[in-house]
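Let me begin by presenting the structure, written as structure tokens, before commenting on it.
Just so it is clear: chains get the letters A, B, ... in the order the sequence lines come, proteins before strands, and each one is counted from 1.
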Number of protein chains: 4
Amino acid sequence: MGMVGGGPEAFIGDVHRKAARLDGGVELVAGAFSRSAEKSKSMAAELYLDPRRCYATYREMIDSEQALAESEAIDFVTIATPNDSHFEIAKAFLEAGIDVVLDKPMTFDLRQAIELKKIVEKSGKTFALTHNYTGYPMVKLARDLVQLERLGELVKVVVQYPQSWLTNPIEREGSKQAEWRTDPKRSGAAGCMGDIGTHAENLTEYVTGLRIAEICADLGTIVEGRKLEDDGNCLIHFDSGARGLLFASQISMGELNGLRINVYGSSASLYWEQEHPNELHFFEPDGSIRIFRRGTDAIEPLSAAAARASRLPFGHPEAFFEAFANVYKNATDTMRARYEGREPTALELDFPGVEDGVRGMQFIEAVVASKGSWVKFPK
Amino acid sequence: MGMVGGGPEAFIGDVHRKAARLDGGVELVAGAFSRSAEKSKSMAAELYLDPRRCYATYREMIDSEQALAESEAIDFVTIATPNDSHFEIAKAFLEAGIDVVLDKPMTFDLRQAIELKKIVEKSGKTFALTHNYTGYPMVKLARDLVQLERLGELVKVVVQYPQSWLTNPIEREGSKQAEWRTDPKRSGAAGCMGDIGTHAENLTEYVTGLRIAEICADLGTIVEGRKLEDDGNCLIHFDSGARGLLFASQISMGELNGLRINVYGSSASLYWEQEHPNELHFFEPDGSIRIFRRGTDAIEPLSAAAARASRLPFGHPEAFFEAFANVYKNATDTMRARYEGREPTALELDFPGVEDGVRGMQFIEAVVASKGSWVKFPK
Amino acid sequence: MGMVGGGPEAFIGDVHRKAARLDGGVELVAGAFSRSAEKSKSMAAELYLDPRRCYATYREMIDSEQALAESEAIDFVTIATPNDSHFEIAKAFLEAGIDVVLDKPMTFDLRQAIELKKIVEKSGKTFALTHNYTGYPMVKLARDLVQLERLGELVKVVVQYPQSWLTNPIEREGSKQAEWRTDPKRSGAAGCMGDIGTHAENLTEYVTGLRIAEICADLGTIVEGRKLEDDGNCLIHFDSGARGLLFASQISMGELNGLRINVYGSSASLYWEQEHPNELHFFEPDGSIRIFRRGTDAIEPLSAAAARASRLPFGHPEAFFEAFANVYKNATDTMRARYEGREPTALELDFPGVEDGVRGMQFIEAVVASKGSWVKFPK
Amino acid sequence: MGMVGGGPEAFIGDVHRKAARLDGGVELVAGAFSRSAEKSKSMAAELYLDPRRCYATYREMIDSEQALAESEAIDFVTIATPNDSHFEIAKAFLEAGIDVVLDKPMTFDLRQAIELKKIVEKSGKTFALTHNYTGYPMVKLARDLVQLERLGELVKVVVQYPQSWLTNPIEREGSKQAEWRTDPKRSGAAGCMGDIGTHAENLTEYVTGLRIAEICADLGTIVEGRKLEDDGNCLIHFDSGARGLLFASQISMGELNGLRINVYGSSASLYWEQEHPNELHFFEPDGSIRIFRRGTDAIEPLSAAAARASRLPFGHPEAFFEAFANVYKNATDTMRARYEGREPTALELDFPGVEDGVRGMQFIEAVVASKGSWVKFPK
């Protein structure tokens, strides 16, 4: 595994490394961690990397790694840079024949997303997008309960993703994280809706199997002087005719990382929240609530995917790293299968890919275009 | 106390009686419980009422009670009929000089509401509207925390009121409750949004002190053949510039009576849910959550209204009846003050009145008119 | 209904009145509320009682009421005095042929309890003891789930009842409530274990159907100078061979009225807590948790008693008063049945009686005698 | 890092590996994973280990590793075998000058524990015992709140650790885990109380700073034919005079891994449960509950240890692996400090050691000896 981005001040780069490392089959051996050579080197040293494989640019990484023996060269690269460089870097690795794990949102704009989709398809390489929240076992169970028609026909979805971390203008107080995320030149057309709204959108489509058909979005910038919206509320119509609400926020005091979803069907409903990820609430037709708990006997008969995504016995909680690692696990198992000339199984292929990335960019374009009116998604 | 409506099959009539009776200062002595004389009599018998004070019509009740000695006649009437008759009955009692407690929504349409407001004002009588959810002590605490500026400036409000009881077409299966509530001739222009959306709207304005300025509503009728909407999702702009979401539903499987509200401010936020009414979640600026519990030492210094609205020591839960009884308590204390020629205190006057009713009808008209576009509220 | 005790400063007297009044079939018409004539009169006035039926002593009440016409005289009396006078007052009313509702614990000591049991049996009158926590619908459901063998064979029970209200020596700071409860002359041999430990014991035996066979208790007096214990921890052996723990406390900071119970069986288990009484957690054999909610379709097929004990539709929470009222409801329905010469049904007879009172006094004697060693209960 | 035990069927061995690996500074390079050479080799292959460093016995591992260059040889060993071999293996590595991480409980009996303590002290090596639950950040916060006297003087502790996994006789149905844990020859004198009771005991002493002075234990074997107890309930007296209860169970249906603790002080109290580890409930003197959440601003000023033990921003839940990894982190930081000739800091030294192991064995001996009577702990 090689890595582009994820320097010393990055949060998500470290998450990628820990998640990739957790199961023991992946080793980080090369990196271009920062545009600053110094920072990149210090990161490499901290990670006990061979200094010769700490590169100044991703181009250099591609060239040098391709010159190595196959058994030594990286098998795939993780890209965890700001959004504006996702496209060119991913394109370069894919065209060099190297599998890619890319942080979300996929690209800077929809045009790039559609282009990248073509590149991935042409390359035949494995491409994973870290919409990590679908890596949680209970999210997989939720999806499978919907697929098993335990909820009947879906009639309504409420998905919310409130956070509080941008309640103050910390992008002007030295926070690197906040700086690029509120800068349209690096983040793209959307702030909050790109950073976390796309997670909510991805979770919704993953769990329900529905596709958003049209959306009416009311975006707001609460912190004065901020260049991108930090709050957004949307009405949704799905392709099936079901209705929904999606809202996300970075200025909701008291909320930490409050991704949560209600899916209502004609005969039952479910609820899941990211901050207590080991439980899934299933509302039975008789008015009782059944709380499914990760790792218990109830899970496996309903969801092989949820069972496979568990590492610990019941009651020993798993959390964010493990869900993130599940994206890696399925993506690298898929890579391994393909190296071995084997068709990956459906369970192995259960990770977000380039199509999810296109949906995410469509979502961003739609909510930005909406301005309080209904906007249709491209079919 | 006299009563119009609240016959043997009614749910809310019995609630009114129990709530009025709880504190011991109010006695039901007269009633016209049903358009059916037989049902009315059987109700009266069940309630140990003097049969001579069980009336065939509300008109008869007014006439007969006015003929009684002041010490014997009813001091006020509770009206718990379907919405279409609220106006004329309330009008008649008010004009007869009798105080009125009226079930919500206030009238059949906005025109009647505005008219009733004039009648109430002209009559000088006490008028209470049973938006009972504002009777909960922790809701009063929430309002007072906002007033005390513990949340800073309000930036966002999310209020939801999902229920499941109309998921099936029970109005065609013999449910009286469902029948009139889904019948535009008796309920008015809205179904779900009138029955419970108005509660959500009232709770929001009560707690936040904000006024809805404009609204974009997406109503839906999920059960085929139903004549009124059974689900509605709204984007909201408040007069202060704050944004919000309000959604209500009668077809959300698994939800019982899920009224809940998040109020986000610039420095803190709060959360309350009706099904666990003795607790208020207050999200502190430092990221911890403070759960206020009814009856504890923490409450009284922050909210005299919450303290006054409690009947039991901490840990002995209070619930729906007690909140409902708080509307009666404050309304009847206000009546008593006025009988005694005393100005009611602010604490006694803390019950929903005719202005709340007008707001509710404005809300109904707005959401029905919206059809997915923004509609302004009258100032 | 008449009342002895329950004067202006009493907490539980007012609870009795509100609970008795809730359903509308019971009217308080006579009382001897306090040993102070003045306090008694002021209470009577506050309650709009006919002053002629406000009595100086319970003796006078008996004599005067017996002189009234049957249709006017009280049908039963509620006794809510400190424990030391329970026996003589209850005895007097029973021997006068008047039904009795008595606050717990039943008597001052076990000797009196056994004696009272004989008196009740001899009198043929209805006798109810307000172990009100068994009045909660979800507690009745719990009992019925055990009876239906949904838990298999019971193997372990954990019941706890922590409170905090006596953490400080408020009995020396003017609290009437605290004064008599910490005074062995009025409360009896136990403090905490008598006041609330008996509730925990009663709840345990009610829900499980098991009987405590022996107990090892570790009592403690945390507040210096207090005359009765304010904390107690017990190991328990049941007659079936099952084991358990029972602990109660009045000095557990942060706890309000924390009665809660876990019952573990060989195939499932359950959990209930008084502060959230509308829910019962049932732990399924497959590791999922089923939360039963009062009033939903799931309840009635499992427990007619729980269904009967509900007054409101699902999601409209019921709480302490309603549970207390359920003791009254079943007790007065039983009285009514007997007046009418009808055998009360099993559902009507579902209220705590004199046998529960004897068990409670056995419990108190045992825990006081234990001093950290095992003590057997009388068979 | 080398490893003894943790073969293909072991649960805890894999946990050790993932936990050690998480932060990236530790690499597993040698192992003797099983008494079966075949299983050991297959484990080594699965872990991509150099086959030459997969050893048949721990003796061989010591000898071979010592023959390697210092920069290549293992720096420490993790021992995750059944309890009966802990002592001899730990002793051998320590005497060979190799740091040790040992799974709990520390030894087979108290005699060995005391002996091992001497060996550790004599060796001067770093010794860590994986009482992993004290690795949770919120547990460290709990300890620090006690130390800061935020609870006042401690008066009562309730610690419970119920599980359900041994409700059926799975040791006779092929479960390796269950087999050795219920076998007195491999586990020692206690079953449930050794396996998880010691965790509860360790957590209690860690958080409270109190020492158990005497204990009265009621052990039970619920599953017929089982050779060790599978349930235990204890009354506790602490050295300070505070009282408590400790109970643990492997037959409590519905419970997964339910370690939870209430600590009651004279002015406040706290509650933590392992299954929701990112939150700590702190009960304020005014009756409100403050929920501290990992990673928020509230934490660091109160507990540097909790802040240091966090890896992710607030709202991104951490769980079991991360807590386990915290034992490794502090232990290996301590080792590193000593290699570098630096005195480890108090924060680095915050991991369970040989003294905790001795306390654990004292606990086991006491509860086994008690048989329902009070037994004193050695001072």
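The most heavy-atom pairs under 4.5 Å with chain B, out of Asp218(A), Val155(A), Ile289(A), come from Asp218(A). Between chain A and the options Gly372(B), Ser373(B), Gly287(B), the largest number of non-hydrogen pairs under 4.5 Å is found for Gly372(B). Of all the listed residues (Asp286(A), Thr167(A), Leu219(A)), the one sharing the greatest number of non-hydrogen pairs under 4.5 Å with chain B is Leu219(A).
For the pair Tyr136(B)/Phe324(B), no side-chain contact is recorded, criterion being any heavy-atom separation below 4.5 Å from C-beta on. Put simply, the side chain of Leu145(A) reaches to within 4.5 Å of the side chain of Leu280(A), judged on heavy atoms. Between Cys216(B) and Leu235(A) the shortest side-chain heavy-atom distance falls below 4.5 Å. Here the side chains of Phe363(B) and Leu246(B) are in contact, with some heavy-atom distance below 4.5 Å.
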Go through Val139(B) and Tyr133(B) one step at a time and tell me if the side-chain contact (heavy atoms from CB on, under 4.5 Å) criterion holds.
CA-CA 8 Å; Val139(B) 169; Tyr133(B) 296 111; 5.7 Å; no
What verdict does the side-chain contact (heavy atoms from CB on, under 4.5 Å) test give for Leu302(A) and Phe292(A), after you've listed the backbone C-alpha separation in whole Å, the side-chain angles of each residue and the deciding distance to 0.1 Å?
CA-CA 11 Å; Leu302(A) 295 167; Phe292(A) 288 109; 3.7 Å; yes
Go through the steps for Leu245(B) and Asn233(B) under the test side-chain contact (heavy atoms from CB on, under 4.5 Å), then give the verdict.
CA-CA 8 Å; Leu245(B) 297 109; Asn233(B) 306 321; over 6 Å; no
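Using a 4.0 Å cut-off between a side-chain N of Lys or Arg and a carboxylate O of Asp or Glu, Arg243(B) and Asp231(A) do not qualify as a salt bridge.
For Asn168(A), no part lies under 4.5 angstrom from a heavy atom of chain B. The contact between His237(B) and chain A is made entirely by side chain atoms (from C-beta outward), counting heavy-atom distances below 4.5 Å. For Val223(A), no part lies under 4.5 angstrom from a heavy atom of chain B.
Annotation: residues 248-271 of chain B contacts chain A through Ala248(B), Ser249(B), Ile251(B), Ser252(B), Met253(B), Gly254(B), Glu255(B), Arg260(B), Asn262(B), Tyr264(B), Gly265(B), Ser266(B), Ser267(B), Ala268(B), Ser269(B) [non-hydrogen atoms, separation under 4.5 Å]. Close approach to chain B, defined as a heavy atom under 4.5 Å from one of its heavy atoms, is seen in no residue of residues 190-205 of chain A.
Judged purely by distance below 3.5 Å, without hydrogens or angles, the side chains of Gln147(B) and Arg143(B) never pair a donor atom with an acceptor atom.
Of all heavy-atom pairs between Arg226(B) and Leu166(B), the closest is NH1-O, 2.8 Å. Taking every heavy atom of both residues into account, Phe377(A) and Arg359(A) meet most closely at CD2-NH2, 3.5 Å.
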